[in-house]
Amino acid sequence: MKKEPKNFLSVRELGEQGLLKRLQRFCPPEWVGDDAAAIAMTPEPNRSLVVTTDMLVDGVHFSDRTTSAEDVGWRAAAANLSDLAAMGAAPLAITVSLGLQGDTPVSWVEGVYTGMVSCLDRYQTAIAGGDVCKAPVNVISITAIGWVPTDRTIRRQNGKPGDAIVVTGVHGASRAGLELLLHPETGKDWSEEETQELITAHQRPNPRLDVLPILWEVMGEGGEIAGMDSSDGLADAIVQIARASGVGATLDRPLIPLPPSLSQRVGEERALEWALYGGEDFELVLCLAPEVARQFVERLGNRAAIVGTLTKSTRVCLTDSTGAYADEVITQSLSFQHF
C-alpha cells in the first residue's frame, strides 16, 4: 500500500463512522444504512441463488509495485464476478469487508472503491454494504451474490468422457504482465502496445460474464455443463474438473491460446508454463459436447478455442498433436497454493 505525504488524512483520524459515511457514497442509498441490505427479487422456483467469497491480502495478492488502489479494487471485484460467471450466474450485488491499518490513507481506500465501482458498473452490479475494522495488514474481503437458472448451473462435476474442453481468451497474459511490472527490463525490446496489453491483463482482468448469453444460445434447452474459471491457472482448472467428474483429460499443447508473440518474446517453454500455471487470467474453462463446443467457438471467433478432450482414464495429460513433445502428466503442484 502506497504511503501518502504526512498531511494525508488517515482512517484512524477519520474514524470508523466517518469512513463508513464516505464509503456509503459508493453504494445505492436504498441498500445501506441498516444492519443488512434488503434486495428485492422476483420469486421464481427455477432459480438458484449463487454466493461466493474472495479475500485479498496486502503483500499476498497486491502490492504498490504492481497495483494502484484503483487496480486493487478492480481486481477484487473482477475475481468475485469471475466466480459467478464460472457458475453460469448473473451478478446481483456484492458486499465489501475491509481490515485496515490505522495509518492507511483515506484516499487509498476511496481509490479501491472507485476501482470496484468501475468494474461493477460494466455488469450493472452494485455494492450493497459491508464492514470495516482495524487490522495489522490491509485486507479486502468481498462476497458476491448472483442467480442462475437451476438447470443451467455450471458445475465441475458435470464432465463426461468425450466432452470437448473449451477455453475463452488467452492464457499466460496476466503472468506476463506481472513479470513486466516486477522486472520492466524484460520488456525493453517489446512494443509499447504489447507491454500495455499484458500489464492491463494483470491489473484489470475482465470476468467472462459476456460469453454466457452466447453459451446459452448454442446450448438450447438441455444439457449439463462442466466448468470453472482459470484464476489459479489453466492446469489447475482442468485437473479440478477432471477430478470432480471422475474422468481424465488430454490437453493439446499447440492448441492452447497464448498472447500474440509471447512465445517469441520469452520462449515457448516459459510461455506455456505461464499459460498453464501462471493463474489470474480469469477466463472460463468449459467442457461441452463436441458439436456445442464447435458452435460456441465459431460464435466467439478468436475469443475461444477447443484445447482438448475429457477421457475415460483418470490421467490428465498434456499431449502434442504435432509429435514434437512426449506426453506429460499435468498436476496442480506448479499452480499457486497458499499453503
Side-chain angles (χ1 to χ4, degrees), residues 1-2 10-12 14-28 31-39 49-64 66-87 89 91-121 123 125-146 174 202-205 207 209 228-229 231-232 279-280 282 336-339:
M1 181 199 66
K2 184 178 180 181
S10 71
V11 297
R12 181 185 295 113
L14 184 60
E16 178 181 354
Q17 293 304 312
L19 181 61
L20 286 173
K21 185 176 181 180
R22 285 205 181 197
L23 297 183
Q24 284 176 358
R25 295 186 292 110
F26 295 92
C27 311
W31 284 4
V32 295
D34 294 302
D35 291 307
I39 304 172
L49 192 68
V50 181
V51 181
T52 182
T53 298
D54 204 34
M55 182 182 298
L56 282 77
V57 179
D58 193 357
V60 178
H61 299 93
F62 60 88
S63 72
D64 291 339
T66 60
T67 39
S68 67
E70 289 79 5
D71 293 334
V72 171
W74 180 292
R75 282 168 54 85
N80 282 269
L81 295 186
S82 181
D83 283 337
L84 293 181
M87 298 291 292
L92 291 172
I94 71 168
T95 62
V96 185
S97 294
L98 299 177
L100 297 171
Q101 296 172 296
D103 62 352
T104 301
V106 172
S107 60
W108 185 85
V109 181
E110 291 181 319
V112 169
Y113 271 70
T114 298
M116 282 192 288
V117 170
S118 296
C119 179
L120 294 170
D121 280 351
Y123 307 99
T125 306
I127 301 172
D131 193 20
V132 297
C133 70
K134 181 180 179 181
V137 63
N138 287 350
V139 177
I140 305 166
S141 180
I142 292 180
T143 296
I145 306 163
S174 179
H202 180 73
Q203 294 178 332
R204 299 275 175 130
L209 292 159
M228 60 180 291
D229 75 358
S231 56
D232 289 328
E280 297 191 321
F282 296 103
F336 176 77
Q337 305 287 328
H338 282 283
F339 304 103

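Quick caveat, the model's predicted, so the values are computed rather than measured. We use all heavy atoms of the structure for the numbers below, so side chains are in, but hydrogens, waters and symmetry mates are not.
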Restricting to side-chain contact (heavy atoms from CB on, under 4.5 Å), what partner residues turn up for [X], sequence neighbours left out?
{"X": "V51", "value": "L49, T143"}
{"X": "D83", "value": "T52, D229"}
{"X": "A76", "value": "L56, I140, I142"}
{"X": "V117", "value": "F26, D121, I127"}

Rounded to the nearest 0.5 angstrom, the CE-OG1 distance for M116 and T125 is 13.0 Å
CE of M55 to OG of S97: how many Å apart, nearest 0.5 Å? 8.5 Å
With sequence neighbours excluded, residues passing side chain to side chain donor-acceptor pair (under 3.5 Å) with S174: H202
For S141, what residues pass the side chain to side chain donor-acceptor pair (under 3.5 Å) criterion, not counting sequence neighbours? none
Salt bridge (Lys or Arg N to Asp or Glu O under 4.0 Å) with [X]: which residues, sequence neighbours excluded?
{"X": "E70", "value": "none"}
{"X": "D54", "value": "none"}
{"X": "R22", "value": "E110"}

What heavy-atom pair brings [X] and [Y] nearest, and what distance separates the two atoms?
{"X": "F62", "Y": "V57", "value": "CE2-C, 3.6 Å"}
{"X": "I145", "Y": "L84", "value": "O-CD1, 3.9 Å"}
{"X": "A144", "Y": "N80", "value": "CB-CB, 3.8 Å"}
{"X": "V11", "Y": "G102", "value": "CG2-O, 3.4 Å"}

List the residues meeting ring pair (Phe, Tyr, Trp, His ring centres under 6.0 Å) with Y123, not counting sequence neighbours, and say none if there are none. none
Check: Q203 and T66 side chains under 4.5 Å, non-hydrogen atoms: no
Sub-4.5 Å side-chain heavy-atom contact between F282 and P207: no
Please step through side chain to side chain contact (heavy atoms under 4.5 Å, CB included) for the pair L23 and V132, ending with a clear verdict. CA-CA 10 Å; L23 297 183; V132 297; 4.2 Å; yes
Please check: side-chain N/O of [X] versus main-chain N/O of [Y], any donor-acceptor pairing under 3.5 Å?
{"X": "S63", "Y": "G59", "answer": "no"}
{"X": "D103", "Y": "R12", "answer": "no"}
{"X": "E280", "Y": "S231", "answer": "no"}

Going by an N to O cut-off under 4.0 Å, is there a salt bridge joining R204 and D71? yes
As a test of understanding, state which of T104, D131, V109 forms a side chain to side chain contact (heavy atoms under 4.5 Å, CB included) with L98. V109
